[in-house]
Amino acid sequence: MDLIMANRDLIDHLRNLGLVAQVSAEDALADHLNSGSRTVYCGFDPTSDSLHVGNLVPLLALRRFQLAGHRPILLVGGATGMIGDPGGKTEERKLNPADLVQGYVEKIRVQASRFLDFECEAIAAIVVDNFEWTAGMTVINFLRDVGKHFSVNAMVQKESVRRRLEDDGSGISYTEFSYMVLQSYDYVVLNRRYDCTIQIGGSDQWGNITSGMDLIRRMEGGQAFAMTFPLITKSDGSKFGKSEEGTVWLDDKKTSPYTFYQFWFNCADEDVIPYIKIFTFFDDVEMARMRAAHEQDPGMRVAHIALAKSVTELVHGETGLTAALRITDALFSNKLDKLSEADLGQLALDGLPCHKVNDDEAGLIDLLVATGLSVTPRGEVTAGQARKFIKSNAISVNGQKVSDEETKLSRNTALYGRYHVLQRGKKNHVLVQWI
RNA sequence: GGAGGGGUUCCCGAGUGGCCAAAGGGAUCAGACUGUAAAUCUGACGCGUAAGCUUCGGUGGUUCGACUCCACCCCCCUCCA
């Protein structure tokens, strides 16, 4: 691996990318990073069977550290994931069963691994699971060896805890209150085993990370550092990482490369440059070029396309990107009728949502229900909503608006006798396949 | 354990016997404009083509009629022990 940034001040570099919210002892950390190859860790709690785009921020940050010549440790929270982090949440979480969490751990371990280099000798990435050293610990040992170092007075002062205490209607359980202690202990263990001296995470992790720093000082007598990234924001204030279908996952079974590509392509104008900095690895020159092009004519979507392509390829590889581009081109260039039979077949293979009909004729309303296109704002799929969509001029078949609720589709009206492209609104398509 | 305050449609939040499928806001979806953007404007927003049906923590009750009154139960919050 090239140590392309080894001679550059990593902190400044990250700051330029908009990746630094808080840093502990910045001058000391800068020296620390410049004077040798260090070990840095970031934790991921297994709250689902896949990571999502929000997790890309710390994941790629770890990669940046590795590119700069440091060793990344990816910690999967098999133990902490069973507790639930009070940070960033306004109310108590549900606890997941142990075997479920362990299943998540395995998935996430595999998924996250592709973003880091495990081959390079000196600074090969490491994946660990805190379940390993937490599960066997007895309550007595935990309280005597670890808990003793924590002042409840200090813990109560932490933002994540304080918010839950002050906010009427939520409260916090002892279980979640203890999360910070476990995470702090993780840092100690990694510090002992791997000489890990830097922990990074989202800014909501600041309290947990600094608490771990303190614990290292108390238990090990050494200095450790903390760095956090700002929360990724959207210009309209809504939560980052959701598309119309919900969370944008990294797993291509849960979010197709096409949907993934569209997610980035559709980001707001004001967000595209910040996102390019955070989620891509373009160099300064390219970055400047895209910014100029974007500012000159945002309508051309130069930056959007570059962002979407780059991240899609990073996560889904060249094959995934190609598939995403094929579908995008077919659906958004008003050339539906010009597609060949093979093209249409390819769209299904590429991951365009597809619905098979084994009949000669089907009512449009029934199809809208069957394909799930007629979702209500509440998330239910109903015939009434299908009617409303048709009435409000939102439905197209093969690129033609349909206004008659009683419309029936059959093989006769299908492209090549086999395909209909159903469209709701501007961006929702389903391929109907007659078999 | 004691005292008090609460649980309303996805969220916040009005509603204290019929005019309530339930104000208002947010979120969401669609239409128009545009650039597969933002802002803005318009419409939809429990289910049903409709008649109608099912909702306001739960269960019973009072009443011609309850989200609104009564009883019991469950859950949450605050303070005290």
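Chain identifiers are assigned alphabetically (A, B, ...) following the order of the sequence lines, protein sequences preceding nucleic acid strands; residue numbering begins at 1 within each chain. The analysis underlying the following values was restricted to heavy atoms, covering all of them including side chains, and did not include hydrogens, waters or symmetry mates.
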A.B. asks: Please report the distance separating the P of B/rA37 from the corresponding atom of B/rC29, rounded so that it comes out in whole Å.
C.D. replies: 12 Å
A.B. asks: Looking at A/K254, A/Q111, A/K107, which one forms a side chain to side chain donor-acceptor pair (under 3.5 Å) with A/S50?
C.D. replies: A/Q111
A.B. asks: Whether A/R291 and A/E295 form a salt bridge (side-chain N of Lys/Arg under 4.0 Å from carboxylate O of Asp/Glu) is what I want to check.
C.D. replies: yes
A.B. asks: Using the C1' atom on both, measure B/rC76 against B/rC69 and round to a whole Å.
C.D. replies: 24 Å
A.B. asks: Is the A/Y275-A/F240 ring centre distance short of 6.0 angstrom?
C.D. replies: yes
A.B. asks: Does A/R387 or A/S392 map to a spot on RNA chain B nearer the 5' end, using the closest nucleotide for each?
C.D. replies: A/S392
A.B. asks: Do A/Q205 and A/Q183 get their side chains close enough for a donor-acceptor pair, meaning under 3.5 Å?
C.D. replies: yes
A.B. asks: Between the side chains of A/T138 and A/N141, does any donor sit under 3.5 Å from an acceptor?
C.D. replies: yes
A.B. asks: Looking only at atom C1', what distance separates B/rA81 and B/rC12, rounded to whole Å?
C.D. replies: 35 Å
A.B. asks: Specify the separation, in whole Å, of atom CD1 of A/I395 and atom P of B/rC29.
C.D. replies: 14 Å
A.B. asks: Taking the nucleotide of RNA chain B with the nearest heavy atom to each, does A/V381 or A/A394 sit closer to the 5' end?
C.D. replies: A/A394
A.B. asks: When rounded to the nearest Å, what value does the distance between P atoms of B/rA71 and B/rC77 take?
C.D. replies: 25 Å
A.B. asks: Considering all heavy atoms of both residues, which atom of A/W264 and which atom of A/A308 are nearest to each other, and what is their separation?
C.D. replies: CB-CA, 3.6 Å
A.B. asks: Take the protein atom CD1 of A/I390 and the nucleotide atom C1' of B/rA44, then report the distance between them rounded to whole Å.
C.D. replies: 15 Å
A.B. asks: If we take the C1' atom in both B/rA21 and B/rU34, what is their distance in whole Å?
C.D. replies: 37 Å
A.B. asks: Send over the distance from A/K391 NZ to B/rG48 C1', rounded to a whole Å.
C.D. replies: 11 Å
A.B. asks: For a quick check of understanding: with a heavy-atom distance under 4.0 Å over all strands, which category does A/K234 fall into, base, sugar-phosphate or nothing?
C.D. replies: nothing
A.B. asks: Using atom C1' of each nucleotide, how far apart are B/rU42 and B/rG58 to the nearest Å?
C.D. replies: 42 Å
A.B. asks: Do the side chains of A/L431 and A/K356 get nearer than 4.5 Å, heavy atoms only?
C.D. replies: no
A.B. asks: Distance under 6.0 Å and angle within 45° of the ring axis: does A/R64 meet both against A/F281?
C.D. replies: yes
A.B. asks: Would you check if the side chain of A/R424 reaches a backbone N or O of A/L373 as a donor-acceptor pair within less than 3.5 Å?
C.D. replies: yes
A.B. asks: Measure the distance from CD on A/Q385 to P on B/rA44 and round it to the nearest whole Å.
C.D. replies: 12 Å
A.B. asks: In dot-bracket form, 5' to 3', how is RNA chain B paired? Count Watson-Crick and G-U wobble pairs only if both distances fall under 3.5 Å, and write | where the partner sits on another strand.
C.D. replies: (((((((..(((.....[.....))).(((((.......))))).((....))...(((((..]....)))))))))))).
A.B. asks: Rounded to whole angstrom, note down the P distance from B/rU8 over to B/rC56.
C.D. replies: 11 Å
A.B. asks: Taking the side chain as everything from C-beta on, heavy atoms only, tell me whether A/S211 gets closer than 4.5 Å to A/Y187.
C.D. replies: no
A.B. asks: In whole Å, what is the span from the CZ atom of A/F389 to the P atom of B/rC29?
C.D. replies: 9 Å
A.B. asks: Rounded to whole Å, please give me the gap between CD in A/Q423 and C1' in B/rG31.
C.D. replies: 13 Å
A.B. asks: Examine B/rC29: is either OP1 or OP2 under 4.0 Å from a nitrogen or oxygen in the side chain of A/T376? Give yes or no.
C.D. replies: no
A.B. asks: Pick the C1' atom in B/rG7 and in B/rA14, then give their distance to the nearest Å.
C.D. replies: 15 Å
A.B. asks: What is the distance, to the nearest angstrom, from the CD atom on A/E380 to the C1' atom on B/rC29?
C.D. replies: 14 Å
A.B. asks: What string of B, S and - do you get for nucleotides 34-39 of chain B 5' to 3' if you count protein non-hydrogen atoms under 4.0 Å?
C.D. replies: BBBB--
A.B. asks: Take atom CZ of A/R424 and atom C1' of B/rG31, then tell me their distance rounded to the nearest Å.
C.D. replies: 13 Å
